[in-house]
Amino acid sequence: MSKVARMSAPSAPPSNVPLAALWMTGAVVAFSSMAIAGRELSTSLSTFELMTYRSMIGFVLILVIGAFAGTLRQIKTDRMRDHTLRNIFHFTGQNLWFWAVGVIPLSQVFALEFTSPLWVMVLAAIFLGERLTWVKALAGVAGFIGVLIVLRPGSAPISPGMVAAATAALAFAITAIFTKRLTRDQSITCILFWLTTIQLVLGLAFCLYDGVMAWPSLSAWPWVVVVAVSGLVAHFSLTSAISLAPASVVMPIDFIRLPVIGALAYVLYGEPLEWAVVLGAVMIFGANYVNVLAEHKRSQSAR
């Protein structure tokens, strides 16, 4: 590229970190609601069945809301490779996450899931060209130490549920990278449409391979609806946030879910809220807060 071309190339718009943080707050509430509903359904539906019903309801909601808002025409087929890969990774991570929610404490699931922003920081630098600044690096290290404080490695044997939650975190990080790439030229309606469509196909394939698929009971349906609605709200909020600020800044805000779910698990299921969870959550939140302040200062300077 010539010097003139480089000088005339448009610069990327500055981040809107406060609005992105607001969207992530909505995602935190939605993801926490989905965890509670997933725990309630863990004894009556398999993760594949739960994902299938969630996608069915989500597909209908997207069509209805998109028709009402006039955004269905935004659905494109020019990025099907990225949509497909994004949803394969998300489908894998979400099934592992739902399974882990039913077999290990919720605070432990979330703590392991929160290694995802650390993966995002690295992957965003490699595949999205986002700068891995020293502030982000220190925030990532501090956040990881906070997660270690919560988990206290060596105090208990590593269980299959812990492995599932940790693997889900990596899958979610890859999903976030694909989401950031797609938001460059794909609308949120388009992304959510292919989310529900592709994952409905995957869910049906895994549910019906043996010709048997459980139907939710009358008492289970409200929880299924909560999973479906909170899933869409979470992804709408997350996609909106990622479109407004770098993925490596947006994703760590999700750390707030840890103290929230710890308190809910204590109240609803009697899971003890241990000092390690509180201390780790404070450290994670502090690291995240420093990261957000640094990015907001850079964004204000750019404006």
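This is a predicted model, so every value here is computed, not measured.
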Taking the side chain as every heavy atom from C-beta outward, state whether Arg86 and Arg181 have any pair of such atoms under 4.5 Å apart. no
Hey, are the side chains of Trp194 and Leu182 touching, using non-hydrogen atoms and a 4.5 Å cut-off? no
SG (Cys207) and CD (Glu49) are apart, to the nearest 0.5 Å, by 5.0 Å
Applying a strict under-4.5 Å side-chain criterion to I, L, V, M, F, W and Y, I'd like to know whether Val201 and Leu192 cluster together. no
Should we count CZ of Arg81 as having more than 12 external heavy atoms under 6.0 Å? no
Distance-minimising heavy-atom pair for Gly161 and Val103: CA-CG2, 3.9 Å
Quick one: pull up CG in Leu204 and CD in Gln199 and give me the separation to the nearest 0.5 Å. 12.0 Å
Hydrophobic side-chain clustering at under 4.5 Å (ILVMFWY, transitive links): who's grouped with Tyr209? Put none if nobody. none
Look at the side-chain heavy atoms of Ile, Leu, Val, Met, Phe, Trp and Tyr, link any pair under 4.5 Å apart, and say whether Leu170 and Ile177 land in one connected group. yes
Nearest atoms (heavy-atom pairs only) where Pro222 meets Leu218: CD-O, 3.4 Å
Atom CZ in Arg39, atom CG in Leu106: separation rounded to 0.5 Å? 4.0 Å
Any sub-3.5 Å donor-acceptor pair from Lys180's side-chain atoms to Ala124's backbone N or O? no
Ile75 side, atom CD1; Phe193 side, atom CZ - distance, nearest 0.5 Å: 4.5 Å
Mind checking whether Leu112 and Ile36 sit in one hydrophobic cluster, side chains of I, L, V, M, F, W, Y counted as touching below 4.5 Å? yes
For Ile104 and Ser159, which heavy atoms make the closest approach, and how far apart are they? CG2-OG, 3.8 Å
How close do Leu45 and Pro216 get, heavy atom to heavy atom, and via which atoms? CD1-CG, 4.2 Å
Tightest non-hydrogen contact, residues Ala168 and Gly93, listed as CB-O, 3.4 Å
Okay, side chain of Gln108, backbone of Pro105: is any donor-acceptor separation there less than 3.5 Å? no
Between Ser240 and Ile188, is any pair of side-chain heavy atoms under 4.5 Å apart? yes
Identify each donor-acceptor pair in which a side-chain atom of residues 52-71 lies under 3.5 Å from a protein atom, sequence neighbours left out, and give them as a table.
from  : atom 1 : to     : atom 2 : distance (Å)
Thr52 : OG1    : Phe48  : O      : 2.8
Thr52 : OG1    : Gly203 : O      : 3.2
Tyr53 : OH     : Ala214 : O      : 2.6
Arg54 : NH1    : Gln94  : OE1    : 3.3
Arg54 : NH2    : His235 : NE2    : 3.4
Ser55 : OG     : Met51  : O      : 2.9
Thr71 : OG1    : Thr189 : OG1    : 3.0

Decide yes or no on side chain to side chain contact (heavy atoms under 4.5 Å, CB included) for Leu238 and Met24, but give the supporting numbers first. CA-CA 6 Å; Leu238 179 60; Met24 281 304 298; 3.6 Å; yes
Parallel, tilted or perpendicular: ring planes of Trp221 versus Trp215, cut at 30 and 60 degrees: perpendicular
CZ (Phe91) and CG (Leu195) are apart, to the nearest 0.5 Å, by 11.5 Å
Ignoring hydrogens, what is the shortest heavy-atom contact between Ala35 and Ile261? Give both atom names and the distance. CB-CD1, 4.2 Å
Should Leu202 and Val227 be counted in the same cluster of Ile, Leu, Val, Met, Phe, Trp and Tyr side chains packed under 4.5 Å apart? yes
Does some side-chain heavy atom of Asp78 sit less than 4.5 Å from a side-chain heavy atom of Gln186? yes
Is it true that a side-chain atom of Ser230 and a backbone atom of Phe31 form a donor plus acceptor pair closer than 3.5 Å? no
Say whether Val224 and Phe98 are linked into one hydrophobic cluster, either directly or through other cluster members, by side-chain heavy-atom distances under 4.5 angstrom. yes
Starting at OG1 of Thr167, measure out to CH2 of Trp99 and round the result to the nearest 0.5 Å. 10.5 Å
